[in-house]
Amino acid sequence: MKYGHFDDQQREYVITQPDTPLPWMNYLGCQAYFGIISNTAGGYSFYRDARLRRLTRYRYNNVPMDFGGRYVYLRDDESKQFWSPSWEPTRTELKHYTCRHGMGYTAIQSEYVGIEAETRYFVPLDENLEIWQLTVTNRRETTAQISAFASIEFCLWDAQDDATNFQRNFSTGQVEVEDGVIYHKTEYRERRNHFAYFACSEPGAGFETQRESFLGRYRGWDRPASVEAGELKNTIAHGWSPMGAHHVKLELAAGESRQIVFVLGYHENPVDEKFDPPGSQTINKRLVKPVIAKYLDAIQADAAFEKLRVYWDGLLSVFQVDTPDIHTNRMVNIWNAYQCMATFNMSRSASFYESGIGRGLGFRDSNQDLLGFVHMAPVRARERILDLAATQLPSGGAYHQYQPLTKRGNNDIGGGFNDDPLWLIVGVSAYLKETGDWSILHEPVQYDNEPGSEQPLYEHLQRSIQYTLDRVGPHGLPLIGRADWNDCLNLNCFSDTPGQSFQTTTNKDGKVAESVFIAALFVHAGRELAAIAKHRGLDAEAARYIRETEKNVKVIADHGWDGEWFLRAYDDFGAKIGSRECEEGKIFIESNGFCALAGIGLHDGKAESAMKAVGKHLATKHGIVVQQPAYSKYYLQLGEISSYPPGYKENAGIFCHVNPWVMIGETRLGHGDLAHDYYSRINPSAREEISDLHRCEPYVYAQMIAGKDAPTFGEAKNSWLTGTAAWNYYAIVQWILGIRTSLEGLEIAPVIPKSWPGFTATRVFRGVVYMISIERKGQGNAIALTVDGEPIQGNVVPVPTDGRKEVVVNGILS
Ligand code: BGC
Ligand code: NOJ
């Protein structure tokens, strides 16, 4: 069953039933001011950091689910009926309802008792605010007297503190109301120089800033007393729970439409100009007032919306494809690229499943996110790389995460995940291949954000390699540390204490447990760095990296091969993990996928055999599971992985993040049909028809789909913020469609299904538009290319040196 449909023309997903299996989310904002918004207007907003600068409240894991939002209420002042045009929170049965989630905006439209309402929510580019444009239309034959209310609940900035420190927080809340604008200024009197505001374009009939007054005692957002009464009481909050509500009265003739604009925003004042007049306790509003006035004007709001549309047109036009498969086209051209922007911005911090409190920007995560993002906004990718590298430790190791607001490593979550540093090489390499901007390697970058410790970015990459070389175990494989890509394979943890963090607990000295996955990642990253070194004329250094990668390839062959597939790891006792000798967890996806991706065992049959084994033991109709057999009990020596019931998350769930490694592996073996088949099994658009089973949004990837051992096999969880976005984008675009960036130019090497007659694509690469058309003449993957009609040798299209801005590339597959 479906709950809506794709509108590819408008680049929207249109939800037509409000009670989706789970809240179906969208993101507002793409620079510094962000929000999440559900199909029923639930969600919250923040500035830069979902933990430290939370603007509005959201109640995670509440009943009903998805609570707290950007809620509008309408009231028929004659019949006194009131309802929510976004369905939540009153859940009144609407005559019709649609929610259009688009690129950076959400528009919810509905009709009830002859009154139509549409609210369009978005964040204008380059501003720290969001706009709600509410249009109310009277579809009746007679005049209607309508009250419109808009409401939000302020968060007292630090979301963690806000949700826990009530003894203090019930006394600190402060607001100001001036010219009808509500200003939230809790803690502004002391160490903060920022505040939030909520403004309305129409002369208000009243406002409310104290939650209890708005809702009434013992009432919820579904039945606010003030809305029911049709009157707000102009309260000024002192402590408790500051909120913002505006009331506008509308008299609408038959057929008449009116638009009201609400603006919710964030503003920082210079520290020495906080108050006006100086010495008073009143917020200085001189800088913010013109901004508020600007966007309360509907014409300006429309213009800002148009700018946002043009911006997204630009971002998405960097790569567009037309294949015989609608799900491929839709995901590549619209939604997968869009999701990559969200993962780039949020890392794993704020979604319906990530509370914004627990996690900042992950080192490994953000580096991988670059794979799907760098082509859209290389300047921002560059900045991100430098920020990430500045949190690297002098040892070459990394904090696992950093806070986006402070840009400093977060010690609570620790470090010592031994794969982390290598991902920096993968990220930087993707950037270089995309942009050819070699200057980034010379940028001075601090270690651990210590002034004075600056070294060129290139040295950070060298130290990343050295970090692995310095940590080698008994078989000559890299030591795993706290964990590798699989955060839950905690081989040095041995935790038997309830509640203890698997991610920060280490009981062992870490000198025994080794990871075949890190060895494979090292081979991949080492080769990438060798190519970079070579390009810079550092031949001896390049040769050294190649020698080290070859050593690892050999160690993998000697100690990482199980006969039919690659082993996963050795535990702290030196026992094998991911071997046919194991009782459970005999075969894992990560080491097999990544070895094949890295080209390990390509020529001696190992990759072929490993991919076959993955197909046989791990592939299901809903995607490829992490391992088999699932762990049926808790293994002290394995860590969090076996803490999950079988079929969920790392314990044999379908981790959509790693499925593309197998897809890429299959393309390296020339298996286009299977690669695309695996791609389609987890493609959310291709799963739209089974929305009742899948449950998550059909327009974005989820981190996990329950595996075959789970009672809910096929059910997705943790949508939006996952490395799945970047990796699937990278797999389909660069390996299946085969339009691949390289240091030398754009490489064209499609490994597509045999049934496809070909495809066309447009790619903007280093300032040149490549118009690519691929035609299948035979059943293989050999390609003959012409560039502007001239045949070329090989499959790398060089970047034109004669100033051409458009290049026509034709490829014949035979
Ligand atoms: C999850 C992992 C995640 C980790 C982050 C674990 O509970 O299973 O997927 O990476 O937490 O800390
Ligand atoms: C999610 C984490 O964000 C990612 O870093 C990790 O690799 C996977 N979980 C697997 O554990």
Side-chain angles (χ1 to χ4, degrees), residues 51 339 342-344 346-351 353-372 388 398-402 410-424 426-427 480-491 493 495 499-505 515 517-518 520-521 568-569 588-591 593-594 624-627 630-631 634 638-661 701-707 710 716-728:
R51 170 167 177 181
Q339 187 179 1
T343 58
F344 175 83
M346 302 286 133
S347 194
R348 308 296 171 261
S349 66
S351 73
Y353 310 86
E354 299 282 6
S355 66
I357 290 173
R359 305 164 80 187
L361 269 77
F363 193 89
R364 131 179 1 117
D365 293 327
S366 292
N367 274 303
Q368 290 175 73
D369 291 345
L370 291 169
L371 292 174
L388 281 164
Y399 288 100
H400 204 39
Q401 306 187 5
Y402 74 92
N410 184 346
N411 244 332
D412 304 344
I413 323 245
F417 294 77
N418 280 353
D419 64 317
D420 270 342
L422 293 170
W423 292 111
L424 182 63
V426 176
I480 196 166
R482 269 204 224 290
D484 59 22
W485 174 88
N486 190 330
D487 272 326
C488 299
L489 200 57
N490 315 115
L491 305 181
C493 177
S495 175
Q500 195 169 47
S501 160
F502 287 104
Q503 247 98 105
T504 55
T505 307
S515 163
F517 167 77
I518 299 183
L521 175 60
R568 178 62 178 86
F588 277 69
I589 189 172
E590 303 99 298
S591 47
F594 219 87
I624 309 168
V625 300
V626 172
Q627 94 275 19
Y631 294 116
Y634 179 59
L638 299 184
E640 187 172 359
I641 189 166
S642 60
S643 76
Y644 285 112
Y648 292 104
K649 294 278 284 185
E650 282 84 346
N651 188 11
I654 294 159
F655 238 85
C656 299
H657 180 152
V658 282
N659 276 228
W661 299 352
Y701 285 96
Q703 179 201 55
M704 192 230 17
I705 298 173
K717 279 189 194 131
N718 301 2
S719 57
W720 277 103
L721 301 185
T722 157
T724 310
W727 274 105
N728 275 281

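Counting starts at 1 for both ligands and their atoms, following the listed order. Nothing here was measured: the structure is a model prediction, and the numbers come from that model.
For the pair Gln401 (side chain) and Gly360 (backbone), a donor-acceptor distance under 3.5 Å is present. With Arg482 contributing its side chain and Asn490 its backbone, the two residues share no donor-acceptor pair below 3.5 Å. Looking only at distances, no side-chain donor or acceptor of Ser347 sits under 3.5 Å from a matching main-chain atom of Ser349.
Residue Cys488 has at least one heavy-atom neighbour below 4.0 Å for each of these atoms of ligand 1: 1 (C), 6 (C), 8 (O). Counting the atoms of ligand 1 from 1 in the order shown, those under 4.0 Å from a heavy atom of Gln703 are 9 (O).
Between the side chains of Gln503 and His400, no donor N or O sits under 3.5 Å from an acceptor N or O.
For atom 9 (O) of ligand 1, the nearest non-hydrogen atom from the set His657, Gln503, Met704, Glu650 comes from Glu650. Closest heavy-atom approach to atom 3 (C) of ligand 1 within the set Asp487, Asp365, Asn490: this belongs to Asp487.
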>> Checking Met704 against Glu650 for the side-chain contact (heavy atoms from CB on, under 4.5 Å) test, could you report, in this order, the C-alpha distance in whole Å, the side-chain angles of both residues, the deciding distance, and whether it holds?
In response: CA-CA 9 Å; Met704 192 230 17; Glu650 282 84 346; over 6 Å; no
> So Gln627 and Asn651, side-chain hydrogen bond (donor to acceptor under 3.5 Å, both in side chains) or not? Walk me through it.
Replying inline: CA-CA 7 Å; Gln627 94 275 19; Asn651 188 11; 3.1 Å; yes
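Under the ring pair (Phe, Tyr, Trp, His ring centres under 6.0 Å) rule, Trp661 has a single partner from Phe594, Phe655, Phe588, which is Phe594.
The closest approach between any non-hydrogen atom of Tyr644 and ligand 1 is below 4.0 Å. Residue His400 places no heavy atom under 4.0 Å from ligand 1.
At the top of the distance list for atom 6 (C) of ligand 1, counting protein heavy atoms only, stands Glu640 OE2, 3.4 Å.
From Thr343, atom OG1 reaches atom CZ of Arg348 across 5.5 Å, with rounding to the nearest 0.5 Å.
Residues passing the side-chain contact (heavy atoms from CB on, under 4.5 Å) test with Ser355 are Tyr60, Ile357, sequence neighbours excluded.
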What does the N/O contact table under 3.5 Å look like for ligand 2?
unit_1, atom_1, unit_2, atom_2, d
ligand 2, 3 (O), Arg359, NH2, 2.9
ligand 2, 3 (O), Asp365, OD1, 3.2
ligand 2, 3 (O), Asp365, OD2, 3.0
ligand 2, 5 (O), Arg364, NH1, 2.9
ligand 2, 5 (O), Asp365, OD1, 2.6
ligand 2, 5 (O), Asp365, OD2, 3.4
ligand 2, 7 (O), Arg364, NH1, 3.3
ligand 2, 7 (O), Trp485, O, 2.5
ligand 2, 7 (O), Trp485, NE1, 3.0
ligand 2, 11 (O), Trp485, O, 3.4
ligand 2, 11 (O), Asp487, N, 3.0
ligand 2, 11 (O), Glu650, OE2, 2.5

